[in-house]
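Report on the following structure.
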Number of protein chains: 2
Amino acid sequence: MNLNIDKLDLQIIEYLTQDAQISYADLGKKLFVSPGTVHVRIKKLQESGIVSGTRMHVDLKKLGFDVIAFIGIYLEKSSLYDVVASELVKIPEIVRMNYTTGNWSIFAEVVCKDIAQLRSVLHDELQKIKGIERTETFISLEESLNRTVKVMADEENDAP
Amino acid sequence: MNLNIDKLDLQIIEYLTQDAQISYADLGKKLFVSPGTVHVRIKKLQESGIVSGTRMHVDLKKLGFDVIAFIGIYLEKSSLYDVVASELVKIPEIVRMNYTTGNWSIFAEVVCKDIAQLRSVLHDELQKIKGIERTETFISLEESLNRTVKVMADEENDAP
DNA sequence: ATTGAAAGAGTCTCAGT
DNA sequence: ACTGAGACTCTTTCAAT
């Protein structure tokens with residue numbers, strides 16, 4: 001698929017990555033193009049695979065998920081990455097996994113209802129996975145920022 | 001605001017946090033209620049602040065952002081958190097910040113186009129912020145999982 | 001590639017249960 | 001609190017530029 005991304009595409013991405021609820025009509029007004037053009041561009045972005053989907057975001061604390069934690073995982077051998085990762089995916093509390101440089105082989109993020117549930121993930125779930133040497137856990141006491149990356153270099157702005 | 005979240009609410013959240021594009025009509029069919037009921041529930045979730053918004057997701061690599069990295073930040077004094085955080089927010093490459101237990105005071109995530117840009121963030125941007133003692137950087141070589149938390153304990157399933 | 005207009009689909013409201 | 005139907009808005013298509 002061809003990826004000829006111009007300024008208009010980036011502007012559309014910039015808006016929709018922050019709020020995907022805005023209508024094509026309103027977005028068109030902001031960007032001085034017709035709703036049809038917005039539609040064509042978004043369709044292009046979806047077909048090219050640049051847009052991978054749309055997700056609703058919820059306030060996890062209000063749903064009773066009070067604990068976010070990061071877990072650095074040391075493996076006995078780094079070649080065990082795939083097999084350990086495939087076990088970790090089965091744990092629903094794990095929402096993200098990255099294969100990283102540095103101390104650990106795997107860096108994971110978990111979301112739990114409380115400390116007891118986190119303890120259960122660490123002690124019950126992770127312990128039974130073969131290949132994990134040890135783990136280091138960092139509990140988030142406060143998430144002070146969570147945003148999307150700015151896809152446009154701020155060369156130009158658009159008039160009101 | 002009252003938060004009386006029942007099973008139907010959780011099912012709606014479960015679907016929409018994975019794909020916010022599904023129509024109320026289709027969601028109603030899956031959950032055996034009318035589109036109007038889905039609408040009422042979602043409106044309730046939005047007004048109660050449980051739903052914090054909807055975001056389009058993009059494949060960052062396809063937009064030229066090839067580097068995701070995690071940065072652990074040591075502060076000279078942990079009381080400097082607020083003042084340092086307010087400086088970090090100004091750096092557009094930083095997309096997430098957590099105040100964590102353990103080694104570091106601040107744990108940040110950055111998204112960059114390439115290693116040169118990451119180096120610039122570390123060397124040019126972070127260096128000039130007073131109060132940062134040192135940093136540790138972990139570059140993600142692969143993101144093998146990125147999903148939302150399962151909000152429903154899997155007690156019950158719904159028939160097809 | 002963008003537009004304006006028409007057709008189709010979805011959201012939103014409300015009276016009834 | 002849920003539903004079904006109507007009113008309304010938005011998406012989607014398409015011929016024309």
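Chain identifiers are assigned alphabetically (A, B, ...) following the order of the sequence lines, protein sequences preceding nucleic acid strands; residue numbering begins at 1 within each chain.
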Would you be so kind as to tabulate the donor-acceptor pairs closer than 3.5 Å made by side chains of residues 108-118 of chain B, with sequence neighbours excluded?
| unit_1 | atom_1 | unit_2 | atom_2 | d |
| --- | --- | --- | --- | --- |
| B/Glu109 | OE1 | A/Arg96 | NH1 | 2.8 |
| B/Glu109 | OE2 | A/Arg96 | NH1 | 3.3 |
| B/Glu109 | OE2 | A/Arg96 | NH2 | 2.8 |
| B/Asp114 | OD1 | B/Ala116 | N | 3.2 |
| B/Asp114 | OD1 | B/Gln117 | N | 2.8 |
| B/Gln117 | OE1 | B/Lys113 | N | 2.5 |
| B/Gln117 | NE2 | B/Glu93 | OE2 | 2.7 |

*Please answer whether the main-chain N or O of B/Thr148 pairs with a side-chain N or O of B/Gln18 as donor and acceptor at a distance below 3.5 Å.*
no

Let me check something: any side-chain donor-acceptor pairs from residues 54-71 of chain A under 3.5 Å, sequence neighbours excluded? List them with distances.
| unit_1 | atom_1 | unit_2 | atom_2 | d |
| --- | --- | --- | --- | --- |
| A/Arg55 | NH2 | B/Asn146 | O | 2.9 |
| A/Asp59 | OD1 | A/Lys61 | N | 3.1 |
| A/Asp59 | OD1 | A/Lys62 | N | 3.4 |

Specify the separation, in whole Å, of atom [atom1] of [X] and atom [atom2] of [N].
X: B/Lys44; N: D/dA1; atom1: NZ; atom2: C1'; result: 10 Å
X: A/Lys29; N: C/dT2; atom1: NZ; atom2: C1'; result: 18 Å
X: A/Asn4; N: C/dT2; atom1: CG; atom2: P; result: 12 Å
X: B/Leu45; N: D/dA1; atom1: CG; atom2: C1'; result: 15 Å
X: B/Asp9; N: D/dC2; atom1: CG; atom2: P; result: 9 Å
X: A/Phe32; N: C/dG4; atom1: CZ; atom2: P; result: 15 Å

_Just to verify, what does B/Asp6 make a side chain to side chain contact (heavy atoms under 4.5 Å, CB included) with, not counting sequence neighbours?_
B/Leu8, B/Asp9, B/Arg41

*Considering just the side-chain nitrogens and oxygens of B/Arg41, establish if one lies under 4.0 Å of OP1 or OP2 belonging to D/dA1.*
no

*Does D/dC2 have OP1 or OP2 sitting under 4.0 Å from an N or O in the side chain of B/Ser34?*
no

*Give the B/S/- string for nucleotides 7-14 of chain D, one per nucleotide from 5' to 3', where a protein heavy atom under 4.0 Å of the base yields B, of only the sugar-phosphate yields S, and otherwise -.*
---SSSB-

*With sequence neighbours left out, write down each residue that passes side chain to side chain donor-acceptor pair (under 3.5 Å) with B/Ser23, or none if nothing qualifies.*
none

*Just jot down the side chain to side chain donor-acceptor pair (under 3.5 Å) partners of B/Ser140, sequence neighbours excluded, or say none.*
A/Asn98

